[in-house]
Amino acid sequence: MVDPLPERAHRNLPVVACRELGRGYAVVRFAADPPLPARAGQFAMLRSPSWGSAPLLPRPMSLLESGREPAVLVKVVGEGTARLAAARPGEPWSWLAPLGRPWSPLPGGARPVLVAGGVGVAPLLFLARELAGAARPEAPLPLAVYGGRSAQDLPLAAELGEVAELTVATEDGSRGVAGRVTVALERLLAAERGHALQLYTCGPQPMMAAVAALAAAAGVPCEASLEAPMACGYGVCLGCAVPRSEPAGSYLYACVDGPCVDARSVDWRAGPRGARP
Ligand SMILES: Cc1cc2nc3c(=O)[nH]c(=O)nc-3n(C[C@H](O)[C@H](O)[C@H](O)COP(=O)(O)OP(=O)(O)OC[C@H]3O[C@@H](n4cnc5c(N)ncnc54)[C@H](O)[C@@H]3O)c2cc1C
Ligand code: FES
């Protein structure tokens with residue numbers, strides 16, 4: 001039986017450290033006492049009390065780690081993420097967490113395949129570590145495919161490589177397979193044909209749409225972590241609607257129905273509504 005999801009709560013947590021990773025990426029770590037309970041795939045709404053009235057809304061961030069030192073991986077794309085990536089030790093941040101549906105448990109007998117792009121690596125690294133903690137010693141590591149524009153666009157690849165059998169792909173060919181992450185995934189799916197797999201994917205919307213299509217063609221179940229602009233994070237503002245595959249004209253709400261959903265439930269043709277960087 002799966003444990004019930006931990007209750008969300010508002011808390012003020014001080015920053016412990018902010019580690020810059022280059023190219024606008026940073027890991028920001030906080031102190032939580034009592035520890036923050038959360039499962040891989042869940043997220044937090046973060047805002048600094050020092051912001052005043054602008055930016056007004058908190059920013060959704062997937063959890064990279066939970067517990068005594070919850071952490072997020074941030075990519076600077078605008079004002080909120082720039083402030084988070086520049087956070088100083090001791091600075092208090094307001095957290096609403098944990099939120100959303102985590103990744104589903106791995107079906108018995110299936111090998112996990114994690115497909116990441118950009119900051120989408122955060123909830124997948126959390127998942128890989130969770131799986132490593134729960135696995136029998138003789139169980140094979142999860143498979144992982146991680147893509148970026150170039151070798152500098154693969155934050156936390158080393159950490160992912162410690163808990164998964166990792167293939168990287170870069171569009172400029174500077175590291176690993178030359179081409180998009182889907183090139184590497186196609187090869188992996190061909191090599192693993194006949195084996196039970198479970199895909200988990202997080203990254204830019206067009207990447208996840210392509211991964212969902214490859215998974216469907218190969219008959220492999222796939223979960224995706226949805227991206228959508230979010231104002232509340234818990235089902236009140238209805239700002240995070242994502243078109244469902246069926247019935248036509250219906251919507252999923254990324255914050256409460258997701259972010260982790262069966263990829264078949266999404267109408268991927270609808271296109272990005274604000275892409276996760
Ligand atoms: C469930 C979830 C988990 C996320 N996890 C992470 C994470 O782990 N690390 C990370 O760096 N980012 C993550 N994001 C994206 C992050 O929330 C946005 O990049 C952030 O809100 C942008 O805020 P800003 O003030 O810096 O930029 P803004 O000035 O608000 O916008 C700059 C650009 O980012 C786009 N954008 C704005 N808000 C969002 C949003 N909520 N979702 C997608 N695109 C947006 C806009 O279209 C614009 O092009 C996640 C988003 C969701 C929905
Ligand atoms: S973010 Fe408000 S309903 Fe989803």
Side-chain angles (χ1 to χ4, degrees), residues 8 18-30 38-48 50-66 70-87 93 95-103 116-127 146 148 153-156 159-160 200-208 223-244 251-261 266 271-277:
R8 68 170 186 263
C18 179
R19 179 164 65 103
E20 280 184 39
L21 304 177
R23 296 257 183 155
Y25 293 100
V27 171
V28 191
R29 192 169 289 284
F30 297 79
R39 298 233 296 272
Q42 291 193 289
F43 68 99
M45 295 294 282
L46 299 188
R47 191 177 190 284
S48 164
S50 71
W51 286 4
S53 58
L56 183 63
L57 298 170
R59 298 309 197 233
M61 289 286 142
S62 293
L63 292 166
L64 170 63
E65 288 174 39
S66 61
V72 294
L73 169 67
V74 58
K75 160 90 173 155
V76 175
V77 296
E79 186 66 26
T81 46
R83 292 186 188 199
L84 183 55
W93 278 67
W95 278 62
L96 177 61
L99 295 166
R101 293 172 67 89
W103 301 112
V119 288
V121 73
L124 292 168
L125 178 54
F126 190 158
L127 176 63
Y146 184 12
D153 296 305
L154 299 168
L156 305 182
E159 287 81 349
L160 186 58
Y200 300 93
T201 186
C202 186
Q205 198 271 358
M207 182 205 95
M208 292 198 292
E223 273 201 357
S225 179
L226 293 178
E227 56 189 48
M230 289 186 182
C232 71
Y234 54 95
V236 175
C237 70
L238 306 187
C240 61
V242 173
R244 258 185 211 276
Y251 291 89
L252 287 160
Y253 292 96
C255 67
V256 284
D257 297 322
C260 302
V261 298
V266 178
R273 298 188 63 233
R276 197 180 288 206

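When a ligand or atom number is given, it counts from 1 through the structure's own listing order.
- Taking all atoms of both residues into account, the shortest heavy-atom contact from Met207 to Cys202 is CE-O, 3.7 Å.
- Not a single N or O atom of Val119, backbone or side chain, sits closer than 3.5 Å to an N or O atom of ligand 1.
- For the residue pair Ser66 and Ala38, the shortest heavy atom distance occurs at OG-O, 3.6 Å.
- The contact set between ligand 1 and Gly80, taken as ligand atoms under 4.0 Å from a residue heavy atom, comprises 24 (P), 25 (O), 26 (O).
- At a heavy-atom cutoff of 4.0 Å, ligand 1 is contacted by no atom of Cys240, backbone or side chain.
- An N or O contact shorter than 3.5 Å is missing between Glu227 and ligand 1 by distance.
- Under a 4.0 Å heavy-atom criterion, Val74 is in contact with ligand 1.
- Near Ala228, meaning under 4.0 Å from one of its heavy atoms, ligand 1 places the atoms 40 (C), 41 (N), 42 (N), 53 (C).
- Only backbone heavy atoms of Leu73 (N, CA, C or O) come within less than 4.0 Å of ligand 1; its side chain stays farther off.
- Under the side-chain contact (heavy atoms from CB on, under 4.5 Å) rule, Cys232 has a single partner from Pro58, Cys237, Pro60, which is Cys237.
- Between the Arg23 side chain and the Lys75 main chain, no donor and acceptor come within less than 3.5 Å of each other.
- Put simply, the side chain of Arg59 gets close to the backbone of Leu57: a donor and an acceptor are under 3.5 Å apart.
- Heavy-atom proximity to Pro229, at under 4.0 Å, picks out these atoms of ligand 1: 40 (C), 41 (N).
- Atom 4 (Fe) of ligand 2 has Cys240 SG, Cys255 SG as its protein N, O or S neighbours under 2.8 Å.
- A pairwise comparison of heavy atoms in Ala87 and Val28 identifies CB-CG1, 4.3 Å as the closest pair.
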